[in-house]
Amino acid sequence: MNNVKIIGVGSYAPERVVTNFELSEIVDTSDEWISSRTGIKERRITEGENTSSLAAKAALGAIKDAKIDPLELDLIILATTSPDSFTPSTACLVQAIIGADNATCFDIGAACSGFIYGLNVATQFIKTGAAKTVLVIGAEVLSKILDWEDRSTCVLFGDGAGAAILKRSETNGILSIFTGSDGKGAEFLECPAVSVKNPFVTKNHEKTEVISMNGKEVFRFAVKAMPTGIEEVLKDSPYTIDDIKYIVPHQANMRIIEHVAKKLNIDSSKFFINLDRYGNTSAATIPIALDEMSKAGLLESGDKIIIIGFGGGLTFGSALIEW
Ligand code: UT7
């Protein structure tokens, strides 16, 4: 089996910053409520750019960072809950923008765990020799599927994209990877697609195509799934949590992260946080964080980190990575 290494990362978020104060002019909320319940201060919201555009910009950043030619890519996997269209896949749209003519492209849907699911698929392709150089993207324009009158969801999310280039390598980078799903919890975090409509439909089942969430149930799931994910990737490795320099969690809620830190007795400074500036960008939170960490010089060659996510599906996943 081949080894797999992350050789470049990139990210992009729309320029428009929307603060909690601005949201309090749209819905009945306050900076105090949003900050104290979630840790979010502001998020980026698109003024028109769609998911493929954000994704392509993040991808070009990762390609530059990896110092590769787009023609070297033989696979593009794009994780999103907010694609441009049912077809073509957003991955194909990105392929055309970045000129990755030799790649096979597809989207995957695993909500906020999508980037880790994509990383897992990419890792298996490279390990088996089916691919050599893979672009994995997490990209979202969640603002287009939010109900801007629902204060329980619209304050939580943001738009953005992050990307990573994975390559067959002499040394091992993806040390272990774990994913899981629980479809019984599907109703706790939903965004319906187009309802069934045709001349033969006997009963109207129309649902509005916006995100709805049972926050308490998702919170409950998250504080169980995250410790499981961390333990799963460490258990067959020679490492303990003390060997891990950073945990890069899905950026949904500061209280979830603090809960997990306490439960596992991990110093909360080990968790990288940027949710105060981006909110929850679903599949994009982890690759955006990795890019910020890399650019800030926080990640050195040989560092061990754990990425960990959870979200709609319900889904969860984690990876132990040697940088
Ligand atoms: O990627 C996965 C994404 N999802 C998550 O990670 C969600 C996990 N869950 C959470 O983060 C939290 O459950 C929330 C932040 C969503 C909500 O926090 P909470 O402490 O569970 O609040 P709650 O839903 O119990 O609501 C408490 C109160 C309610 O009012 P009453 O019934 O006590 O009068 C809500 O109506 O807060 C009210 N509320 C708000 N008030 C001001 C709900 N949203 C807002 C708001 N501003 N934006």
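Computed from a predicted model, the values in this text were never measured in an experiment. Start at 1 and go down the list; that is how both ligands and their atoms are numbered.
Considering only non-hydrogen protein atoms, atom 40 (C) of ligand 1 sits nearest to W33 CE2, 3.3 Å. Of the protein's heavy atoms, R151 NH2, 4.3 Å lies nearest to atom 30 (O) of ligand 1.
Taking every heavy atom of N280 and a limit of under 4.0 angstrom, the matching atoms of ligand 1 come to 1 (O), 2 (C), 3 (C). Of all the atoms in ligand 1, the ones that sit under 4.0 Å from a non-hydrogen atom of R37 are 19 (P), 20 (O), 22 (O), 27 (C). Remark: ligand 1 atoms within the under-4.0 Å shell around heavy atoms of T38 are 15 (C). Residue I256 approaches ligand 1 through these ligand atoms, each under 4.0 Å from one of its heavy atoms: 6 (O), 8 (C).
Within a 4.0 Å radius of atom 33 (O) of ligand 1, the protein contributes no non-hydrogen atoms. For atom 8 (C) of ligand 1, a protein non-hydrogen atom is found at a distance below 4.0 Å. Using a 4.0 Å threshold on non-hydrogen atoms, atom 37 (O) of ligand 1 counts as touching the protein. Atom 46 (C) of ligand 1 is approached by the protein to below 4.0 angstrom, counting heavy atoms only.
Using a 4.0 Å cut-off between heavy atoms, N253 contacts ligand 1 through its side chain alone, with no backbone atom that close.
Checked options F178, F310, Y117; the residue passing with F316 is F178 (criterion: ring pair (Phe, Tyr, Trp, His ring centres under 6.0 Å)).
Apart from I288 itself, the hydrophobic cluster it occupies contains Y278, where clustering links Ile, Leu, Val, Met, Phe, Trp and Tyr at side-chain heavy-atom distances under 4.5 Å.
Counting only N and O atoms by type, the side chains of E140 and T80 include a donor and acceptor under 3.5 Å apart.
Heavy atoms of A222 come nearer than 4.0 angstrom to ligand 1 in no pair at all.
Taking distance alone, with nitrogen or oxygen atoms compared against 3.5 Å, G215 approaches ligand 1 more closely than that limit.
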